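Start at 1 with the first residue, then count along the sequence. Computed from a predicted model, the values in this text were never measured in an experiment.
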Amino acid sequence: MKYMNAVTVLPEELVKEIQKYIKGGILYIPFPEETHKKWGQNSGSRKYLHKKNHLLQKVK
């Protein structure tokens, strides 16, 4: 994650509006919800656990 100074990327009016709610802190702006990926989708953890659980069910 890369930090950027709001003054360099946002219009002055928007920075002033945001400063009404938070002054001098760090504000995280998430990706739009439609671009979110499910947990483990990038790393392969989700696929690994699904396969492991499937194999464990066969053993029982």
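Between the CD1 atom in I29 and the CE atom in M4 there is a gap of 8.0 Å [rounded to 0.5 Å]. The distance from the OG atom of S45 to the NE2 atom of H50 is 14.5 Å, given to the nearest 0.5 Å.
By the 4.5 Å heavy-atom criterion applied to side chains, N53 and Y48 are not counted as neighbours.
With sequence neighbours excluded, no residue satisfies side-chain hydrogen bond (donor to acceptor under 3.5 Å, both in side chains) with Q19. Take K20 and apply the side chain to side chain contact (heavy atoms under 4.5 Å, CB included) test, not counting sequence neighbours, and it matches E17.
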Under 3.5 Å, which donor-acceptor pairs do the side chains of residues 6-15 form with other protein atoms, sequence neighbours left out?
unit_1: T8; atom_1: OG1; unit_2: N5; atom_2: O; d: 2.6
unit_1: E12; atom_1: OE2; unit_2: K16; atom_2: NZ; d: 3.2

